[in-house]
Amino acid sequence: MFNALRYVHGWPPCTGGMGDDSEFDYSDATIPGDPTTYEVAGWVRTSLVAADKPRRIVKRWNWVLPGDGTIDVLPLLLDQEGVVTLTITKSGQVDAETRSRVHVVHEGAPGAWVDDLEKLWRWHVAQGIAS
């Protein structure tokens, strides 16, 4: 589960990303099934801060606004990057399979985003586990 959560793109709604060896991963900020494109929605930029296998993953994130120019010089939505911490704990066993709980703490997000981010992180974690 740790690897699945570590290597899925670092933002809940994204439909794809550009993972490479750079400091940042950029994922288009679109929701599956929504016709909006990344040219309109922008991108979400994440970077790994810490990975304490198998217990904890910490990533920084910010929203890259759409515009002209290369992705690494486009303006960011938030003045300070947010931080997402995923903590994985064993929660028991069902039919000889170990079950885990994933606790997500998302710091630095505007207050108006909290409810939506909670829903989106639930979706994101489920996608990571299913892949």
Side-chain angles (χ1 to χ4, degrees):
M1 176 182 291
F2 178 89
N3 288 337
L5 293 173
R6 162 62 185 98
Y7 292 108
V8 293
H9 298 294
W11 184 251
C14 70
T15 58
M18 299 183 303
D20 57 22
D21 292 331
S22 67
E23 177 184 0
F24 299 108
D25 285 330
Y26 293 89
S27 303
D28 67 41
T30 57
I31 298 172
D34 187 323
T36 305
T37 64
Y38 63 86
E39 292 96 349
V40 174
W43 298 264
V44 174
R45 180 179 85 176
T46 60
S47 62
L48 185 66
V49 174
D52 179 19
K53 189 174 185 176
R55 296 179 295 271
R56 190 168 152 264
I57 302 161
V58 182
K59 292 184 177 186
R60 291 180 296 157
W61 68 274
N62 206 329
W63 201 291
V64 179
L65 298 173
D68 295 328
T70 61
I71 198 167
D72 57 339
V73 298
L74 290 172
L76 301 173
L77 178 61
L78 303 176
D79 292 334
Q80 290 188 316
E81 290 187 315
V83 176
V84 177
T85 303
L86 293 94
T87 305
I88 305 161
T89 56
K90 195 173 180 180
S91 67
Q93 218 166 311
V94 175
D95 297 330
E97 287 189 24
T98 301
R99 300 294 182 182
S100 298
R101 179 174 307 234
V102 179
H103 181 75
V104 177
V105 176
H106 198 137
E107 299 173 279
W113 295 10
V114 171
D115 289 341
D116 288 337
L117 285 172
E118 180 180 347
K119 291 173 191 168
L120 291 170
W121 274 107
R122 287 180 186 276
W123 176 86
H124 179 64
V125 169
Q127 298 305 305
I129 293 169
S131 60

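Note that these values count all heavy atoms, side chains included, but never hydrogens, waters or copies made by symmetry.
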Show which side-chain atoms of residues 64-83 pair as donor or acceptor with protein atoms under 3.5 Å away, not counting sequence neighbours.
{"residue": "T70", "atom": "OG1", "partner": "D72", "partner atom": "OD1", "Å": "2.7"}
{"residue": "E81", "atom": "OE1", "partner": "R60", "partner atom": "NH1", "Å": "3.0"}
{"residue": "E81", "atom": "OE2", "partner": "R45", "partner atom": "NH2", "Å": "2.8"}

Any L48 side-chain heavy atom under 4.5 Å of I57 side chain: yes

To the nearest 0.5 Å, atom CD1 of I88 lies from atom CZ of R56 at 11.0 Å

How are the rings of W113 and W61 set relative to one another: parallel (under 30°), tilted (30 to 60°) or perpendicular (over 60°)? tilted

Looking only at heavy atoms, what is the nearest atom pair of S47 and F24, with distance? CB-CD2, 3.7 Å

Atom pair OG1/CZ of T89 and R99 - distance to nearest 0.5 Å: 14.0 Å

